[in-house]
Amino acid sequence: MSKDKQVGIQVARAIAALGIVYFHSWVSITRFPAGTAYQIPGLTYYGWFAVDLFFAISGYVICLVASRESFSIRSFLIKRVFRLYPLWLVMLTIFAVTAWLWRGLTPRETLDFFLYSATLLPTVGNPFYNVGWSLQHEIAFYFIVAAIVPFFGLRGLVVFLLASALASRLINMPWYLTYLAARHGEFLAGVLAFMLH
């Protein structure tokens with residue numbers, strides 16, 4: 001198998017994806033009558049942990065990409081943007097239309113909030129389509145990598161992620177910095193795993 005398709009990473013992605021699907025499906029299933037759904041112990045209440053695993057996997061995979069001699073900031077960002085935004089915009093739009101037709105829009109679900117959420121910039125609370133919160137962290141991580149790795153290498157990335165993760169817990173920062181930095185420890189775990197590997 002090629003360097004880019006490491007078996008362990010693919011297995012970890014599959015486990016994380018299944019954990020997230022199960023966790024979200026269980027949240028939906030709880031609306032059915034009691035006794036009609038059967039739990040998978042652990043995943044019922046802790047399936048959210050799979051998102052943390054995804055962030056760590058992302059830290060590892062992005063280091064794999066950023067450590068290549070052919071790494072280019074422009075190419076890296078273009079590929080990441082085209083990997084995330086098209087599907088995000090399609091799903092966001094489908095959710096908005098479905099919500100509008102099925103249940104009506106909530107007072108928070110305005111056109112302005114829809115357009116802002118489409119950018120994947122940090123939001124106070126969840127974006128228009130709530131599952132996009134994790135993509136906000138992913139896109140921010142990509143820009144951090146593009147800004148740090150070419151100039152300071154992976155060690156510089158480790159220092160930044162560690163400092164920002166600690167700062168999010170110890171310093172009173174603007175909400176958007178705290179919001180993003182609070183997940184930097186998970187990306188850091190993947191970066192450190194890559195460096196150890």
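Nothing fancy with the numbering, it's 1 onward along the sequence.
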Novice: What heavy-atom pair brings Leu154 and Cys63 nearest, and what distance separates the two atoms?
Specialist: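 Looking at all heavy atoms of both residues, the closest pair is CD2-SG, 3.7 Å.
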Novice: How far apart are the closest heavy atoms of Ser58 and Tyr142, and which atoms are they?
Specialist: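 Closest pair (atom of Ser58, atom of Tyr142, distance): OG-CE2, 4.1 Å.
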Novice: With sequence neighbours left out, what residues match Glu186 under salt bridge (Lys or Arg N to Asp or Glu O under 4.0 Å)?
Specialist: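 Checked Glu186 against salt bridge (Lys or Arg N to Asp or Glu O under 4.0 Å); matches are Arg183.
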Novice: Can you say whether the rings of Trp133 and His137 are parallel (under 30°), tilted (30 to 60°) or perpendicular (over 60°)?
Specialist: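 Aromatic pair Trp133/His137 classed perpendicular.
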Novice: Nearest 0.5 Å, please: how far is CG in Leu115 from CG in Leu92?
Specialist: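 The distance works out to 9.0 Å.
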Novice: Restricting to ring-ring contact (aromatic ring centres under 6.0 Å, His included), what partner residues turn up for Phe114, sequence neighbours left out?
Specialist: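 Applying ring-ring contact (aromatic ring centres under 6.0 Å, His included) to Phe114 gives Phe128.
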Novice: Going through the checks in order, is the side chain to side chain contact (heavy atoms under 4.5 Å, CB included) test met by Phe113 and Thr123?
Specialist: CA-CA 9 Å; Phe113 190 54; Thr123 51; 3.9 Å; yes
Novice: Could you walk me through whether Ile94 and Val90 pass the side chain to side chain contact (heavy atoms under 4.5 Å, CB included) test, one step at a time?
Specialist: CA-CA 6 Å; Ile94 289 171; Val90 167; 3.8 Å; yes
Novice: Mind checking the CZ-CD1 spacing from Phe160 to Ile144? Nearest 0.5 Å is all I need.
Specialist: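 Phe160 atom CZ to Ile144 atom CD1 measures 4.5 Å (nearest 0.5 Å).
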Novice: Output all residues satisfying salt bridge (Lys or Arg N to Asp or Glu O under 4.0 Å) with Arg108, sequence neighbours left out; order by chain, then residue number.
Specialist: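 Testing Arg108 for salt bridge (Lys or Arg N to Asp or Glu O under 4.0 Å), a comparison that skips the adjacent residues, returns none.
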Novice: Flag yes if Leu105 and Tyr116 sit in one hydrophobic cluster, no otherwise; membership is Ile, Leu, Val, Met, Phe, Trp, Tyr, and two members link when side-chain heavy atoms are under 4.5 Å apart.
Specialist: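 Cluster IDs for Leu105 and Tyr116 differ.
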Novice: For a quick test of reading the model, state the closest non-hydrogen atom pair linking Ala181 to Met173 and the distance between them.
Specialist: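 Taking every non-hydrogen atom into account, CB-CE, 4.3 Å.
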Novice: Restricting to pairs with a member in residues 138-148, which pass salt bridge (Lys or Arg N to Asp or Glu O under 4.0 Å), not counting sequence neighbours?
Specialist: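 Qualifying pairs, neighbours excluded: none.
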Novice: Linking I/L/V/M/F/W/Y whenever any side-chain heavy atoms sit under 4.5 Å apart, do Trp175 and Leu180 land together?
Specialist: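 Per the 4.5 Å side-chain linkage, Trp175 and Leu180 are co-clustered.
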Novice: According to ring-ring contact (aromatic ring centres under 6.0 Å, His included), who are the partners of Phe76, at least two apart in sequence or on a separate chain?
Specialist: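 By the ring-ring contact (aromatic ring centres under 6.0 Å, His included) rule, Phe76 matches Phe71.
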Novice: Rounded to the nearest 0.5 Å, how far does CG of Leu157 lie from CG of Leu188?
Specialist: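 One gets 8.0 Å once the value is rounded to the nearest 0.5 Å.
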Novice: Please give me the minimum heavy-atom distance between Leu161 and Ser164, naming the atom from each residue.
Specialist: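 In terms of heavy atoms, the two residues are closest at O-OG, 3.2 Å.
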Novice: Hey, what do you get for CG (Leu166) to CD1 (Ile171), rounding to the nearest 0.5 Å?
Specialist: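 Here the interatomic distance stands at 9.0 Å.
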Novice: Which pair of heavy atoms, one from Val145 and one from Ala66, lies closest together, and at what distance?
Specialist: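 Heavy atoms of Val145 and Ala66 come nearest at CG1-CB, 4.0 Å.
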Novice: Not counting sequence neighbours, list each pair that qualifies as a side chain to side chain donor-acceptor pair (under 3.5 Å) and has a residue in residues 70-94.
Specialist: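 Side chain to side chain donor-acceptor pair (under 3.5 Å) check on residues 70-94 returns no pairs.
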Novice: For Leu120, does its backbone N or O pair with a side-chain atom of Gln136 as donor and acceptor, under 3.5 Å?
Specialist: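 No; judged by distance alone, with no hydrogens or angles, the pair does not exist.
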Novice: With rounding to the nearest 0.5 angstrom, report the OG to CG distance, Ser117 to Asn130.
Specialist: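 CG of Asn130 is found 10.5 Å from OG of Ser117.
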Novice: Check Trp100, Tyr129, Trp102 against Phe95 for a ring pair (Phe, Tyr, Trp, His ring centres under 6.0 Å) and give me the one that passes.
Specialist: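 Only match with Phe95 under ring pair (Phe, Tyr, Trp, His ring centres under 6.0 Å): Tyr129.
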Novice: When rounded to the nearest 0.5 angstrom, what distance separates CG in Leu89 from CG in Leu84?
Specialist: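 Those atoms lie 10.0 Å apart.
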Novice: Do Phe152 and Leu162 share a hydrophobic cluster (ILVMFWY, side-chain heavy atoms under 4.5 Å, transitive)?
Specialist: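 Phe152 and Leu162: one cluster.
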Novice: Indicate the atoms forming the closest heavy-atom contact of Ala146 with Phe151, along with that distance.
Specialist: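 Taking Ala146 first and Phe151 second, the nearest heavy atoms are O-CE1, 4.4 Å.
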Novice: Would Phe55 and Leu177 show up in the same hydrophobic cluster when neighbours are defined by side-chain heavy atoms closer than 4.5 Å?
Specialist: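 Same cluster: Phe55 reaches Leu177 through Ile, Leu, Val, Met, Phe, Trp or Tyr contacts under 4.5 Å.
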Novice: Is there a side chain to side chain contact (heavy atoms under 4.5 Å, CB included) between Ser134 and Phe54? Walk through the geometry before answering.
Specialist: CA-CA 9 Å; Ser134 63; Phe54 259 125; over 6 Å; no
Novice: With hydrophobic residues grouped by side-chain heavy-atom distances under 4.5 Å, do Met91 and Leu135 end up in a single group?
Specialist: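 Yes, because Met91 and Leu135 connect within a single hydrophobic cluster, where side-chain heavy atoms sit under 4.5 Å apart.
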